[in-house]
Structure formats: C-alpha cells, structure tokens
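As a basis for the values below, the full set of heavy atoms in this structure was taken, side chains included, without hydrogen atoms, waters or symmetry mates. Protein chains get the first letters and strands the later ones, always in sequence-line order, with residue 1 at the start of each.
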Number of protein chains: 2
Amino acid sequence: MEPSAFDTLFRALGDPTRRALFERLARSELTVRALTDGAGISQPAVSKHLAILKGAGLVLDRPQGRETHYRADPKGLAPLLDWMRLHETLWAGSFDRLDDLLKRMDQ
Amino acid sequence: MEPSAFDTLFRALGDPTRRALFERLARSELTVRALTDGAGISQPAVSKHLAILKGAGLVLDRPQGRETHYRADPKGLAPLLDWMRLHETLWAGSFDRLDDLLKRMDQ
DNA sequence: TTAATTCATAACCCCCTGGTTATAACAATC
DNA sequence: GATTGTTATAACCAGGGGGTTATGAATTAA
C-alpha cells in the first residue's frame, strides 16, 4: 500500500536533523548553502533532507539563479491537525494547554 | 546526544503499524493477544511496537495475571502541543481549522 | 502436576535510511 | 571563454529498524 499523507508527514518530522532544518526555515527563508553551514552535514545530505521535507509538503523552494531558496510552508502541518481531530477523545486532559496556545496565537 | 522527547514521540508515531496500534488503543484498552489478532504481524512484533509506544509515553500497560492490558495515555501527545507552540508563527494560516477543532471538543 | 496460554526477550535477517564522495548541470564572475 | 560557486543526483556504505522464529517465565486450566 502506498504511504498516506500522515506517514510522509510523521516520517519527515521523525528525523531530528530534518526537524532542525524545518525549524530554521520556519524562522526565515534560506539557501541550501546557508542551511548547510551550521548543519554539521554535507551539502548533498541537506539537499536530500530538503527533498523529503518538500515531498511531505512542509517546505517550498524558490529557485533563483544558481541558488535555491527554501522556506517552510504553513499548510504543511495541516494533516497533523486532521490526525489530532481523529483522536479528540484523547485530548481531554490536554485541553487547557491547547487553549493557552490559542490565546497566545490570538493576541 | 541522547534523543529528545520530540524525537521519541515523532519516531514512535512515524511508523504506520505503530500508529494503527495506538489508534486502536485510543478507542479501548486491549490485551497483547487482542492487538495481535488483526494486526497482521506476529505477537513479538506487536510487543516490540508496544515497548516503543510505552517508551514514548503514548501508552500505559496494566499487567493482570498472564496477560497485559494496554491503553493510550492522553498525556502522551503533550509534547506535540509543545512543539507546535514553538512554531506558532507557522500556524496563522491553519488557525481557523484549529479553532474548529476546539469548538468540537468543547461541546 | 501436567498441559496450554500469554507475553517478553533473544537472536537473527533484510531492507531502508541517513550519511559519504564524486560528478554533472547550471549560473555568475573574472 | 575559463573559472568559480551552487545545487541536485548517482553510487556507494554502515547502521538501525521492523520483521521473523525460537525460547523461557509466569499464569491459568485440565
């Protein structure tokens, strides 16, 4: 069976290195070179991670000349919300924390 | 470096088989035997998945005689909320959907 | 007490994944 | 045009992870 959107999303976020890249891209758009500097791994490794993040819909690329700019895609996390909605009953205990999150986002 | 709580949680949820087990346990408490029937994999494989889910704090076990009952732990998903809070800015676009979720949980 | 059931662990295997280096394509600069 | 810089891909490799069967410990049933 082909992997679901949940699979690709969870798997993409499952790797710490990949999640670190995503978190950097959440703050600002960066080129592959900029991402490689400070990532502690080679440039091809970074490119592979970016391809996976892109495949999961977490990241968008913007080629410009010889460099490619990457940025996080807000819509990429939507399946996470969908999955949580499937398990609302589990959330009762965490409700107040989620409420806090919403309040902070609202202001 | 030792893996963070995020790592263990995301990795635990990253495997489809494991997520399926977790989803079944979200609905009702089940024994290893009950989980194995209908999982499509061997009993030792199920036990290993359960150990990983337990290690991630997603599941609680309750030994009773020769069988062990497992159930989902609501608090296990808390780190997911924490992680989302770290990236609130990314959420602007998904805000209304999260709002929907909260409304449905409130009723 | 003997047999059957349930579960966890050990030992093993294969494949997938995350890393590497090498290289090619393309763009910018000299 | 030649060179340098940026990125993606190919080829490869080591390790980890998810599966298996075998087995033992503990509990229940016969």
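Distance A:Asp15 CG to C:dT17 P: 11 Å, rounded to the nearest Å. Rounding to whole angstrom units, CG of residue A:Leu50 and P of D:dT6 are separated by 16 Å. Atom P of nucleotide C:dC26 and atom CD of A:Glu67 are separated by 17 Å, given to the nearest angstrom. The interatomic distance linking A:Lys48 (NZ) with C:dT17 (C1') rounds to 8 Å, in whole Å. Here C:dC7 presents its P atom at 9 Å from CG of B:Leu35, a figure rounded to the nearest Å. The NE2 atom of B:His69 sits 12 Å away from the C1' atom of D:dT27 (whole-angstrom rounding). The CZ atom of A:Arg19 sits 12 Å away from the P atom of C:dG18 (whole-angstrom rounding). When the C1' atom of D:dA10 is taken as reference, atom CD of A:Gln43 falls 13 Å away, rounded to whole Å.
A:Ser47 and A:Gln43 are linked by a side-chain donor-acceptor pair at a separation below 3.5 angstrom, with hydrogens and angles left out of the test.
Within the structure, every side-chain polar atom (N or O) of B:Arg66 is placed at least 4.0 Å from both OP1 and OP2 of C:dA8. For the pair A:Thr17 and C:dG19, the criterion of a side-chain N or O lying under 4.0 Å from OP1 or OP2 is met. Contact annotation: B:Arg33 reaches the phosphate of C:dT6 (side-chain N/O to OP1 or OP2, under 4.0 Å). The phosphate of C:dA8 (OP1 or OP2) has a side-chain N or O of B:Tyr70 nearer than 4.0 angstrom.
Toward the 5′ end of DNA chain C lies the nearest nucleotide of A:Ala45, the other residue of the pair A:Ala45 and A:Gln64 mapping further downstream. Take the nearest nucleotide of DNA chain C for A:Ile41 and for B:Ala51: the residue whose nucleotide is more 5' is B:Ala51.
For the pair A:Asp73/A:Val59, no side-chain contact is recorded, criterion being any heavy-atom separation below 4.5 Å from C-beta on.
Out of C:dC7, D:dA8, C:dG18, the shortest distance to the side chain of A:Ser47 is found at D:dA8. For A:His49, counting side-chain heavy atoms from C-beta on, the closest listed nucleotide (C:dC7, C:dG19, D:dT7) is C:dG19. When each of C:dG18, D:dT7, D:dA22 is scored by its nearest atom to the side-chain atoms of A:Arg11, the top-ranked nucleotide is C:dG18.
Between atom CD1 of residue B:Ile52 and atom NZ of residue B:Lys54 there is a gap of 13.0 Å, rounded to the nearest 0.5 Å.
Taken together through direct or relayed side-chain contacts under 4.5 Å among Ile, Leu, Val, Met, Phe, Trp and Tyr, B:Leu58 and A:Phe6 form part of one hydrophobic cluster.
The aromatic rings of B:Trp83 and B:Phe10 lie perpendicular to each other, with more than 60° between the two planes, well past the 30° mark.
In this structure, A:Pro63 reaches neither bases nor backbone, as no heavy-atom distance under 4.0 Å exists between it and the strands shown. Contacts of A:Ser42 with the nucleic acid, taken as non-hydrogen atoms under 4.0 Å apart, include base atoms.
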